[in-house]
Amino acid sequence: MHNIQPITSDLIYVGASDRKLALFENVYPIPRGVSYNSYVLLDEKAVLLDTADAAVGEQFFENVKAALAGRQLDYLVVNHMEPDHAALIESLLLRYPEATVVTTAKAAQMIEQFFGSQPSKLQVVKEGDTLCTGRHTLAFTMAPMVHWPEVMMTYDTTDKILFSADAFGTFGALSGNLFADEVNFEGEWLNDARRYFINIVGKYGVQVQNVLKKAATLDIQMICPLHGPVWRQNLGWFIGKHDVWSKYEPEDKAVVIVYGSIYGHTEAAALRLGTLLAQRGVKGIKAYDASHTHASKLVAECFRASHVVLASSTYNNGIYTPMENLLMDLKAHCWQRRTVALIENGTWAPQSGKLMRAELEQMKDISIVGDTLTLKSALQPCQEERLAALADQIAASL
Ligand code: FEO
């Protein structure tokens with residue numbers, strides 16, 4: 001049975017959600033699932049915008065068939081070649097051999113790499129090219145490295161709809177409500193949207209900024225992304241979030257504490273600091289055990305907050321592994337422009353503070369507040385004053 005939904009009088013949602021997949025890209029936990037969005041435009045010509053992940057293939061093909069209702073498929077627009085949207089291209093063309101694939105030269109090359117040959121009916125487009133389908137004119141705009149090199153977006157100049165590829169997407173399966181204004185997006189979706197963006201596209205802030213500048217020149221009434229809800233209201237708010245994230249600016253004036261603690265002593269000091277910060281009026285403090293929190297969440301939280309406390313045991317004469325992994329991940333995602341405080345621990349030779357500082361010095365515009373607090377095994381009563389002084393400095397810098 002199909003599960004299609006109308007978006008406008010001639011645009012139909014034909015995507016599908018997956019709640020079985022544990023790890024998106026085999027790395028990011030998605031307890032709320034994920035949707036693979038795809039759209040059919042029924043104009044004088046029938047157009048399918050992107051396919052979907054192989055895992056939802058059965059539902060996707062039922063949806064396409066129902067949306068076309070016996071019509072032939074004239075065009076498949078491929079905005080993005082990552083397999084979560086492109087895996088079904090070959091199968092689709094076997095079912096609809098009359099369809100012309102409209103895509104970039106780079107994507108055409110990738111089709112050959114994935115499937116062994118380029119489509120027999122291929123229309124290569126570049127920046128500014130258009131395709132008239134009858135009432136609608138689709139304009140193609142390139143979005144290289146958001147987050148693959150072949151990415152393009154398709155703008156329906158008639159109905160002012162942007163098919164934005166991965167941009168403005170989010171983790172989270174759809175439950176019937178297709179539009180962002182039909183769900184509690186800020187309360188229930190924003191954390192996943194941030195985690196999706198930062199971890200998947202966050203490295204490419206400059207390229208996202210270029211796309212946002214292009215988007216600012218368009219009259220956009222609706223955004224149809226490849227994941228998550230469709231946006232038809234409050235677009236400026238969501239675009240603004242992406243502007244902040246891609247500029248590497250903190251989203252919230254807030255403190256996030258991340259600790260890597262083997263037996264709990266580093267944890268105890270980190271949480272004591274949290275209490276001292278609260279006593280100085282700091283609200284909304286979040287603390288995370290790096291051993292028990294997925295790195296994708298830690299990275300997203302470090303992007304959200306203006307201030308981050310990193311507390312780590314020394315391990316193998318280095319940084320405790322979960323904290324070391326976090327620092328590598330933050331560096332890979334170009335984390336920058338934050339204020340950081342450091343706590344290190346080591347029973348006989350504390351090293352992690354010096355090593356964490358060395359990693360942070362390789363990042364851009366990270367300012368370290370206060371001196372590194374060094375624990376030898378555990379926080380000592382005589383160090384309470386030092387910890388309080390660190391809390392004073394963090395609170396003053398907020
Ligand atoms: Fe959702 Fe880059 O694929």
Side-chain angles (χ1 to χ4, degrees), residues 13-39 48-57 59-60 63 76-92 101 103-104 106-111 113-115 140-154 162-174 178 180 189 192-208 210-212 215 223-231 238 242 245-246 296 299-300 332-334:
Y13 179 82
V14 294
S17 288
D18 185 354
R19 289 181 167 78
K20 295 189 184 78
L21 184 70
L23 297 175
F24 185 79
E25 293 187 358
N26 212 13
V27 60
Y28 304 115
I30 46 167
R32 297 176 60 249
V34 66
S35 74
Y36 304 106
N37 299 347
S38 178
Y39 307 91
L48 173 66
L49 292 118
D50 291 294
T51 67
D53 190 270
V56 296
Q59 183 69 68
F60 167 76
N63 289 351
L76 165 65
V77 173
V78 176
N79 284 310
H80 183 22
M81 267 307 295
E82 195 164 11
D84 56 331
H85 311 291
L88 300 175
I89 289 176
E90 187 178 46
S91 314
L92 183 100
V101 175
T103 195
T104 61
K106 272 199 176 72
Q109 180 58 40
M110 288 182 185
I111 290 175
Q113 289 169 208
F114 278 110
F115 300 110
F140 304 104
T141 186
M142 303 302 119
M145 295 318 298
V146 181
H147 59 127
W148 277 30
E150 88 299 354
V151 175
M152 70 173 188
M153 298 184 183
T154 299
L162 182 68
F163 298 91
S164 61
D166 274 337
F168 309 114
T170 175
F171 296 136
L174 298 173
L178 177 59
W189 287 75
D192 260 347
R194 182 187 305 107
R195 190 166 64 91
Y196 166 87
F197 176 85
I198 299 299
N199 284 279
I200 291 172
V201 190
K203 180 179 176 64
Y204 304 106
V206 172
Q207 291 83 352
V208 174
N210 289 338
V211 165
L212 290 176
I223 296 176
C224 291
L226 286 175
H227 301 286
V230 168
W231 288 80
F238 200 41
H242 288 75
W245 297 334
S246 58
S296 65
V299 169
H333 287 89
C334 302

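Whatever order the structure lists them in is the order used to number ligands and atoms, beginning at 1. Values below: all heavy atoms of this structure, side chains included; hydrogens, waters and symmetry mates excluded. Everything numeric here is computed off the predicted structure, so don't read it as measured data.
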Any donor-acceptor pair under 3.5 Å from Tyr196 side chain to His227 backbone: no
Atom 1 (Fe) of ligand 1 to Asp84: nearest N/O/S atom name: OD2
Degrees at atom 1 (Fe) of ligand 1 between the OD1 atom of Asp166 and the NE2 atom of His227, nearest 10°: 90°
Exercise: identify the closest heavy-atom pair between Thr103 and Val78: OG1-O, 2.8 Å
Between Asn37 and His85: side-chain donor-acceptor atoms closer than 3.5 Å: no
Distance-only polar pair, side chains of His80 and Asp50, donor-acceptor under 3.5 Å: no
Residue His147 atom name (nearest to atom 2 (Fe) of ligand 1; N/O/S): NE2
Glu82 atom (N/O/S) at minimal separation from atom 2 (Fe) of ligand 1: OE1
